[in-house]
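See structure below.
This is a predicted model, so every value here is computed, not measured.
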Amino acid sequence: QVHLVESGGGSVQDGGSLRLSCVVSGFTISSVCAGWYRQAPGKEREGVATIDADGSPVYTENVKGRFTISRDVAKNTLYLQMNSLDPEDTGMYYCAADTTRVVSPRMFAEADFEYWGQGTQVTVSS
């Protein structure tokens, strides 16, 4: 059975850092494409970063240079290191994966990811 469980969210000051984790069970994270999405209050969910099965990352423009997506094969865990956080980064962060996909979807299309976690809240205050 497939499970994605996020953790690592919290409240930080503007300019702070957080590392989100997503523990995956039911398949091998290094064999598929996976990613992080977020939903700010009152806004639609948006893609933040994805990682192809070969390890190639893709980032949305406004997190480039600040966020890093990675994975630990031994722990079967997906990470999102977030630095220089801004209040605009506030939202619920979700990890997603699809066992049939090895490359990132175009335009972070959510429909291309079959499995989703429950989310972890990130709040950045100014």
Side-chain angles (χ1 to χ4, degrees):
Q1 195 167 5
V2 174
H3 290 287
L4 283 68
V5 180
E6 304 99 331
S7 63
S11 296
V12 296
Q13 295 284 332
D14 190 353
S17 297
L18 283 172
R19 188 178 79 156
L20 306 183
S21 300
C22 175
V23 178
V24 175
S25 58
F27 63 90
T28 303
I29 190 68
S30 61
S31 300
V32 304
C33 177
W36 289 94
Y37 287 70
R38 67 185 177 192
Q39 186 167 21
K43 295 185 178 180
E44 292 186 356
R45 190 159 59 185
E46 62 175 354
V48 176
T50 57
I51 186 167
D52 293 353
D54 69 0
S56 300
V58 179
Y59 299 98
T60 193
E61 193 63 34
N62 61 11
V63 307
K64 286 180 179 178
R66 300 189 299 124
F67 291 10
T68 303
I69 188 170
S70 63
R71 61 196 182 192
D72 185 321
V73 176
K75 296 181 179 179
N76 214 34
T77 299
L78 182 72
Y79 299 102
L80 185 68
Q81 177 67 44
M82 305 186 296
N83 300 326
S84 301
L85 282 162
D86 182 273
E88 293 290 313
D89 296 315
T90 292
M92 185 70 77
Y93 282 69
Y94 301 89
C95 69
D98 194 281
T99 57
T100 65
R101 173 166 290 277
V102 294
V103 294
S104 296
R106 293 187 64 210
M107 305 296 287
F108 294 97
E110 292 186 28
D112 288 346
F113 283 114
E114 180 179 6
Y115 298 106
W116 293 80
Q118 294 299 306
T120 185
Q121 178 67 37
V122 172
T123 303
V124 185
S125 57
S126 57

Smallest separation among heavy atoms of V124 and D89, with atom names: CG2-CB, 4.4 Å
Linked, directly or transitively: V2 and W116 (ILVMFWY side chains, under 4.5 Å): no
All disulfide bond (SG atoms under 2.5 Å apart) counterparts of C33, not counting sequence neighbours: none
Disulfide bond (SG atoms under 2.5 Å apart): pairs with one or both residues in residues 36-71, sequence neighbours excluded: none
Heavy-atom side-chain contact between I69 and L78 under 4.5 Å: yes
ring-ring contact (aromatic ring centres under 6.0 Å, His included) involving F113 - partner list, sequence neighbours excluded: Y37
Flag side-chain contact, heavy atom, 4.5 Å: D86 against N62: no
L20 vs E6 side-chain heavy atoms within contact, under 4.5 Å: no
N76 side chain to V24 backbone, donor-acceptor under 3.5 Å: yes
I51 and S70, any side-chain heavy atoms less than 4.5 Å apart: no
Test side-chain contact (heavy atoms from CB on, under 4.5 Å) applied to A109 - qualifying residues, sequence neighbours left out: P105, D112
Under 3.5 Å donor-acceptor, N83 side chain and S17 backbone: no
Counterpart residues, side chain to side chain donor-acceptor pair (under 3.5 Å), relative to S56 (two or more places apart): D54
Residue pairs fulfilling ring pair (Phe, Tyr, Trp, His ring centres under 6.0 Å) with at least one residue in residues 74-97, sequence neighbours excluded: none
Enclosure of Q121 CD (heavy-atom neighbours >12, cutoff 6.0 Å): yes
Atom of T77, atom of V23 and distance for their closest heavy-atom approach: OG1-CG2, 3.8 Å
Pairs satisfying disulfide bond (SG atoms under 2.5 Å apart), at least one member in residues 89-126, at least two apart: C22-C95
Option from T90, L18, T123, V63 for which side-chain contact (heavy atoms from CB on, under 4.5 Å) with L85 holds: L18
All salt bridge (Lys or Arg N to Asp or Glu O under 4.0 Å) counterparts of K75, not counting sequence neighbours: none
Donor-acceptor list for residues 41-50 side chains, cut-off 3.5 Å, not counting sequence neighbours:
from: R45; atom 1: NE; to: E110; atom 2: OE1; distance (Å): 3.1
from: R45; atom 1: NH2; to: E110; atom 2: OE1; distance (Å): 3.0
from: E46; atom 1: OE2; to: R38; atom 2: NE; distance (Å): 2.7
from: E46; atom 1: OE2; to: R38; atom 2: NH2; distance (Å): 3.3
from: T50; atom 1: OG1; to: S104; atom 2: OG; distance (Å): 2.6

Salt bridge (Lys or Arg N to Asp or Glu O under 4.0 Å) partners of residues 117-126, not counting sequence neighbours, each pair once: none
Donor-acceptor contact present, side-chain Q1 to main-chain G26, <3.5 Å: no
Those residues that, when tested against R19, pass side chain to side chain donor-acceptor pair (under 3.5 Å) (two or more places apart): none
Same apolar cluster (I L V M F W Y, side chains within < 4.5 Å links), V12/M82: yes
N/O donor-acceptor pair under 3.5 Å between D98 side chain and V32 backbone: no
Side-chain heavy-atom pair V58, F108 within 4.5 angstrom cut-off: yes
Pair listing, disulfide bond (SG atoms under 2.5 Å apart) test, anchored in residues 59-93, at least two apart: none
Nearest heavy-atom neighbours spanning P87 and S125: CG-C, 4.3 Å
Atom pair CG (L4) and OG (S25), whose distance is rounded to the nearest 0.5 Å: 7.5 Å
